There are 2 protein chains.
Amino acid sequence: MREFRPVATRRAFEEIASQIRGRLARQALRAGDRLPPERELAGQFHVSRNTLREALRSLEIAGLLELRKGATGGAFIKEGGGDAAVAGLADLYHLGTIKPEHLTEARIVIGTEVARLACARRTKEDLAALEANVTAAEDATRRGDVVQRAHVNYEFHRLLARAARNPVLTVITDALMEMTRHFVESVGYMPNRYVMPSRRRLLQHLRAKDGEGAALEMESMLKRLQRFHLARAGDAGKPRIRS
Amino acid sequence: MREFRPVATRRAFEEIASQIRGRLARQALRAGDRLPPERELAGQFHVSRNTLREALRSLEIAGLLELRKGATGGAFIKEGGGDAAVAGLADLYHLGTIKPEHLTEARIVIGTEVARLACARRTKEDLAALEANVTAAEDATRRGDVVQRAHVNYEFHRLLARAARNPVLTVITDALMEMTRHFVESVGYMPNRYVMPSRRRLLQHLRAKDGEGAALEMESMLKRLQRFHLARAGDAGKPRIRS
DNA sequence: CGACTATAATTGGTTGAACCATTGATTTCA
DNA sequence: TGAAATCAATGGTTCAACCAATTATAGTCG
């Protein structure tokens, strides 16, 4: 496999970020903890404040830290929420590495399994939240508020993923919804008549904990949506190219 | 849903990064292009070089730029390779948000579908690369080189994901393998006798383009691996806690 | 002429000191 | 007591250097 590793001409800020990452990985630093002020940390690492800031900046972008200003401010360890991973995947869509057809296909693959797992693990609370969401989507549809409806629909998938109780699938679903949102905004909101009935059937399967039924329902809905989306993508789709 | 967006008290470097991101998204900047030197860019944005550097740093961490030193150096637009997304997901594992049981479950879900798709789309070249990989794994096994064997095995899943021709699944697989690598390193390398025979059967399905057979083979192998892994995780597993 | 070598130019990496802007705590005073 | 003024802590930004790596270029010697 790899015969040689590139000789690590490590930059100072990388070394610092790596040390802080290490303390996070070994749980010496936990969510909510605050790092010392920049000026003090710079002293501890024997680097200038600018260099230290680049290290903190890299950790902030990676989603590990949150920097707050003010008297009680500082660098706080963030709860691992996967924002960075979501942004990283979304960037791949913006760059064109991920194309609409990849997105729709991934949604089918992931969504189907999420539905299956959610059936097995959903709590009463999950079910209530999902039912409230579907009701809200139906309201928005009746009002003809396509934007609101689209956002409620993204939220449905996120809720379902959380009900599946697997953070890997949660983060992936969040990323897929983020990409879908960009896609839909670039081709325009598209009303259709089959999503809401499908939602109702899906809720039935969830109530009955019928994983296979839920998976099939989700798969068929997403495949229909795929055809719908890709037809649009042909015209206006893909990361929009402005002049 | 969201009633108010947090008022964006945007920092200068964020505004700069956002502008560059925008030019990337609209393809005004493409992979391989070089941005002007820092000193010049700082002038264009009317900010200090330090602030500009924080912006470039954030884009570098996000995997969008690569900074090279020297006379022909500068900030180059990177090919969208998903490194940042992989690192973001791996961080979630280090932070403990993703636990070994989530990881093994996600591998089953994703790996099964990857195997199915790879069957449908693999080229002769994919097949050849996979066969060479399995041969290399058998060699390493014979030599008792567990470390090498583990790395060749991760590579197998990556090759299979590339054969599936969907960059979403590629990136997710890369991330899952990265997490698996950390997991295995924390609990120790574990030889077993069922992976290599499974690989051979999987290759047969790939040759025959038997998607269903490949999916079943992969699923059964990964489930067996899951039991094996989680048994270990009970003792030493999870992101290792050192004193 | 050609290959090697010293030099210069370009570019990112780092430093240190200073000042600005925001935030929360403290003090002041009606 | 409570509202307003003040202070202190902290991240954000600026500026002006200098360091270090890398490549292009000019020079030198065989």
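For clarity, every value in this text was computed on a predicted model and none was experimentally measured. Each chain gets a letter, A, B and so on, in the order the sequences are listed, and its residues count up from 1.
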Self-check item: Any residue meeting salt bridge (Lys or Arg N to Asp or Glu O under 4.0 Å) with B:Arg142, in chain and number order, not counting sequence neighbours
Solution: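 For B:Arg142, the residues satisfying salt bridge (Lys or Arg N to Asp or Glu O under 4.0 Å) (neighbours in sequence not counted) are B:Asp139.
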
Quiz item: Which residues pass the side-chain hydrogen bond (donor to acceptor under 3.5 Å, both in side chains) test with A:Glu113, sequence neighbours left out?
Solution: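 Here the qualifying residues are A:Arg116.
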
Quiz item: How close or far is atom P of D:dG12 from atom CD of B:Glu15, stated in whole angstroms?
Solution: 16 Å

Quiz item: In whole angstrom, what separates A:Leu41's CG from D:dT10's C1'?
Solution: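 To the nearest whole Å, that distance equals 12 Å.
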
Exercise. Classify every nucleotide of nucleotides 11-17 of chain C by which part a protein heavy atom approaches to under 4.0 Å, writing B for the base, S for the sugar-phosphate alone and - for neither, in 5'-to-3' order.
Key: BBBBBB-

Quiz prompt | Pairing residues for A:Tyr189 by the side chain to side chain contact (heavy atoms under 4.5 Å, CB included) criterion, not counting sequence neighbours | solution = A:Val146, A:Val147, A:Ala150, A:His151, A:Val184, A:Glu185

Self-check item: Qualifying residues under ring pair (Phe, Tyr, Trp, His ring centres under 6.0 Å), relative to B:His182, sequence neighbours excluded
Solution: B:His94

Exercise. Give every residue pair that meets the salt bridge (Lys or Arg N to Asp or Glu O under 4.0 Å) criterion with at least one member in residues 168-179 of chain A, sequence neighbours excluded.
Key: A:Arg162-A:Asp174, A:Glu178-A:Arg181

